[in-house]
Amino acid sequence: PLPSYDEVLVCTLNTEEEEVELLVRRALFPGSQDQKIYCLLGADRLVYKVSKQLESHFFRLVHSSSIPNYRFIIFCNAKAHNSYVITAFDAYKMTFPCYSKTEIQTYLKMHLKVPSGTAPVAQAFEEPYQQNVKFIFSERAGMGK
């Protein structure tokens with residue numbers, strides 16, 4: 001399953017240390033697994049102080065935790081070469097291939113179906129298939145999406 005709202009933290013320049021620590025604790029604390037996938041999105045945007053604390057909390061909890069198979073993913077922009085997070089977690093780095101917009105849409109149509117009998121938000125879109133996720137792109141930011 002895709003991560004739920006409590007498993008994802010979208011990072012900005014204003015993301016605080018406490019928010020990052022809470023997500024790391026959720027991912028690495030015994031008994032908190034439940035097949036969840038914890039994600040930091042845009043971690044390259046974290047300020048230096050918060051990035052250092054992320055590194056500190058993560059490695060401290062990894063060494064003190066008994067969870068062998070945690071699910072914690074840090075997403076960074078590959079072009080953000082000046083990010084401390086990218087440097088700190090370089091040993092764990094994985095590069096994913098770039099997929100076209102059509103390939104991504106095809107994958108999402110196949111894998112993110114809404115179960116029958118539910119009333120999803122996807123019904124707002126006039127399309128023959130029902131999806132759990134809908135991406136809306138705009139040339140202009142903040143246009144009420």
Side-chain angles (χ1 to χ4, degrees), residues 1-115 118 120-125 127 129-145:
L2 291 173
S4 61
Y5 73 93
D6 65 326
E7 299 168 71
V8 178
L9 177 61
V10 179
C11 300
T12 67
L13 293 173
N14 298 322
T15 301
E16 297 179 5
E17 176 189 338
E18 293 81 15
E19 295 171 291
V20 172
E21 181 182 4
L22 180 60
L23 189 73
V24 173
R25 283 185 182 278
R26 284 182 190 153
L28 300 175
F29 191 75
S32 65
Q33 291 299 294
D34 300 324
Q35 302 298 319
K36 292 187 174 193
I37 302 170
Y38 294 91
C39 305
L40 275 178
L41 300 180
D44 53 285
R45 295 184 190 119
L46 294 173
V47 296
Y48 179 77
K49 180 181 175 187
V50 176
S51 298
K52 287 285 289 181
Q53 292 301 320
L54 165 61
E55 177 189 30
S56 173
H57 293 309
F58 177 80
F59 288 110
R60 180 176 44 82
L61 289 171
V62 163
H63 293 300
S64 66
S65 178
S66 61
I67 299 175
N69 298 318
Y70 56 86
R71 296 176 183 200
F72 185 65
I73 303 172
I74 301 173
F75 290 93
C76 294
N77 183 341
K79 296 177 184 176
H81 300 293
N82 60 344
S83 169
Y84 183 82
V85 172
I86 292 174
T87 304
F89 293 92
D90 190 59
Y92 298 95
K93 183 168 86 173
M94 295 180 70
T95 304
F96 294 96
C98 292
Y99 294 102
S100 70
K101 182 179 177 181
T102 305
E103 290 172 312
I104 294 170
Q105 288 174 333
T106 302
Y107 177 86
L108 292 174
K109 286 177 188 177
M110 289 176 49
H111 293 4
L112 301 179
K113 300 284 183 189
V114 175
T118 62
V121 174
Q123 288 178 345
F125 300 98
E127 296 182 13
Y129 51 85
Q130 299 297 310
Q131 294 178 278
N132 285 335
V133 177
K134 185 72 173 178
F135 289 96
I136 300 174
F137 296 94
S138 174
E139 297 297 321
R140 297 174 60 193
M143 297 306 295
K145 295 180 288 296

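In this text the structure is predicted, and so the values were computed from the model without any measurement.
- For Asp44 and Lys79, the salt-bridge test fails: no basic side-chain N is under 4.0 Å from an acidic carboxylate O.
- For the atom pair CG of Leu54 and CD of Glu19, the computed distance is 12.5 Å after rounding to the nearest 0.5 Å.
- Rounded to the nearest 0.5 Å, atoms CD1 (Ile74) and NZ (Lys93) are 13.0 Å apart.
- Classification of the Phe59-Phe89 ring pair by plane angle, with boundaries at 30° and 60°, yields parallel.
- Among all heavy-atom pairs drawn from Leu23 and Cys39, the shortest one is CD2-O, 3.3 Å.
- Note that CD of Glu17 is 4.0 Å distant from CD of Gln53, once rounded to the nearest 0.5 Å.
- Considering every non-hydrogen atom in both Ala43 and Ser83, the closest pair reads O-OG, 4.5 Å.
- Nearest heavy-atom pair across Val24 and Phe58 is CG1-CA, 3.9 Å.
- Proximity of Arg45 to Thr15: side-chain heavy atoms (C-beta onward) are nowhere separated by under 4.5 Å.
- Under the 4.5 Å side-chain criterion, counting only non-hydrogen atoms from C-beta, Glu55 is not in contact with Val85.
- In this structure the side chain of Arg71 never reaches within 4.5 angstrom of the side chain of Tyr38, judged on heavy atoms.
- Looking at heavy atoms from C-beta onward, Leu9 lies out of side-chain contact with Leu41 at the 4.5 angstrom threshold.
- Remark: side-chain polar atoms of Ser56 are not paired, donor with acceptor, to backbone N or O of Lys52 under 3.5 angstrom.
- Side-chain atoms of Ile37 and Phe72, non-hydrogen and from C-beta on, never get closer than 4.5 Å to each other.
- Atom CD of residue Gln105 and atom CD of residue Glu103 lie 11.0 Å apart, to the nearest 0.5 angstrom.
- A 4.5 Å side-chain heavy-atom check between Glu21 and Glu16 finds every atom pair outside the cut-off.
- Put simply, CD on Glu18 and NE2 on His57 are 8.0 Å apart, with the number rounded to the nearest 0.5 Å.
- The structure places CG of Leu46 at 8.5 Å from CG of Leu13, a figure rounded to the nearest 0.5 Å.
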